[in-house]
Amino acid sequence: MLAGKRILLIIGGGIAAYKALDLIRRLRERGAGVVPVLTRAAQEFVTPLSASALAAEKVYTDLFDLTDEAEMGHIELSRAADLVVVAPATADLMAKMAGGHADDLASTLLMATDKRVLVAPAMNVRMWEHPATQRNAAVLKGDGVLFAGPVDGAMACGEFGPGRMAEVPEIVAAVETALADGPLRGRRIVVTSGPTHEPIDPVRYIANRSSGAQGAAIARALAGLGAEVVFVTGPASVPPPAGVTPVKVETAREMLAAVEAALPADGAVFAAAVADWRVADASGRKIKKDGSGKVPGLAMVENPDILASVAQRTDGRPHLVVGFAAETDDVVANATAKRARKGCDWIVANDVSPGTGIMGGTENAVTLVTEAGAESWPRMAKDQVAMQLARRIADALGGA
Ligand code: C5P
């Protein structure tokens, strides 16, 4: 799968650094060559000798190692690879990357590279949740850096929560996706997915039953064909696939802002089940029963239509804009009308009437509505629908 690929693996200084050694083995098993770079802090956790022995390559540690500079300068080192992987990506390394620092070998390589960068963050839960780290993660995602994890779990420090490094197989899967050669290499595609949550007060919200399964499958299929995918997801029950740039949002307005921030893009697929309305004035405090038996009246306002606003842009409209239509009757007629009303190129329509088991299920039966007319696909697994749609998108967009 990774035969002949070269990976520059930057190992940051965290307790998860020991897993980077296993990562080297797993990548090599798949045929990749791995050149390890250890930060100074990383060398407190693993030795250059172990990394070198497992990689069967020279290990780089110091920017000012003149021999190395004579052999291979940092610019060349950063570009000889097909992909740069940072695992574990510590809070400090992420901050350096977001700020554009170049004060040691690792940060200089990350500044100098012209290749894609995949990070596997690993840090204490509070450090991950700190606004500075979240800001830095958002900057990196905006720069097109790919993320694998972090995931929830027990930490070496005894705490529990997000911040734990993704397991090695997940990082390997993300590497494989990032290096996938395919007709969409060089194409950037934004995918929305999942439901949105619209707050009523700090503890309650309006939601819907979307699992995010179809959107995640589409993002995975597009990435598998080589696309750079920005995956803007509401609070879905399925996790973002490996090898995409996930952007997590809660509300429709946040989703719109995240999509706009992800543009320009060659294509956009709007698979999210966006709430049509939100509460006009969400309360800043929990709404309480007052004992009178009166129920609160919730004034609602309409949410922005993300698909329509992107499809109707005069400036920077993606070349191909694909919307979804969940219909319970007159599927083709309603989807055709929706395509015209929203101004998108294609509508993927599905029949979600009760009894089909489609909403929240594993299968889908879709009709693709394009300028050329309506085309019904047989009922198949959501993964297969995603693959078929991704191939059609590849035909429409072609390679870079
Ligand atoms: O109008 P309707 O909700 O049926 O349209 C469905 C399509 O529009 C889907 O592609 C959905 O992701 C998108 N949509 C959106 N923003 C909204 C409502 C729907 O992007 N506020």
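The first residue of the sequence shown is numbered 1, and numbering continues consecutively from there. Numbering of ligands and ligand atoms starts at 1, following listing order.
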(message) Please check this pair: side chain of Arg28 against backbone of Leu54, looking for a donor-acceptor N/O pair closer than 3.5 Å.
(response) yes
(request) Return yes if some donor-acceptor pair links the side-chain N/O of Thr367 with the main-chain N/O of Val332 below 3.5 Å, else return no. (result) no
Looking only at the side chains, is there a donor atom on one of [X] and [Y] sitting less than 3.5 Å from an acceptor on the other?
X: Gln214; Y: Asn364; result: yes
X: Thr90; Y: Asp92; result: no
X: Asn136; Y: Thr133; result: no
X: Ser78; Y: Glu76; result: no

Out of all atoms in ligand 1, which are within 4.0 Å of some heavy atom of [X]? Include the element for each.
X: Gly323; answer: 10 (O)
X: Ala272; answer: 11 (C), 12 (O)
X: Leu307; answer: 7 (C), 8 (O), 10 (O), 13 (C), 15 (C), 20 (O)
X: Phe270; answer: 9 (C), 10 (O), 11 (C), 12 (O)

(request) Quick one: look at Ala252 and ligand 1, take heavy-atom pairs under 4.0 Å, and tell me if it's side chain, backbone, both or neither. (result) neither
(request) Say whether Glu302 and ligand 1 are in contact under the criterion: heavy-atom distance to a ligand atom below 4.0 Å. (result) no
(message) Walk me through whether Leu368 and Arg392 qualify under side chain to side chain contact (heavy atoms under 4.5 Å, CB included).
(response) CA-CA 10 Å; Leu368 181 65; Arg392 290 291 288 264; 3.6 Å; yes
Look only at interatomic distance and state if [X] has a nitrogen or oxygen under 3.5 Å from any nitrogen or oxygen of ligand 1.
X: Ala271; answer: no
X: Ala275; answer: no
X: Pro304; answer: yes
X: Lys338; answer: yes
X: Ala273; answer: no
X: Val274; answer: no
X: Ala325; answer: no
X: Thr192; answer: no

(message) Measuring from atom 15 (C) of ligand 1, which candidate in Val348, Ile306, Val310 has the nearest non-hydrogen atom?
(response) Ile306
(message) Please compare Asn303, Thr196, Asp305, Val322 and report which has the shortest non-hydrogen distance to atom 14 (N) of ligand 1.
(response) Asp305
(request) Report the residue from Val322, Ile347, Leu307, Val191 that forms a side-chain contact (heavy atoms from CB on, under 4.5 Å) with Phe270. (result) Leu307
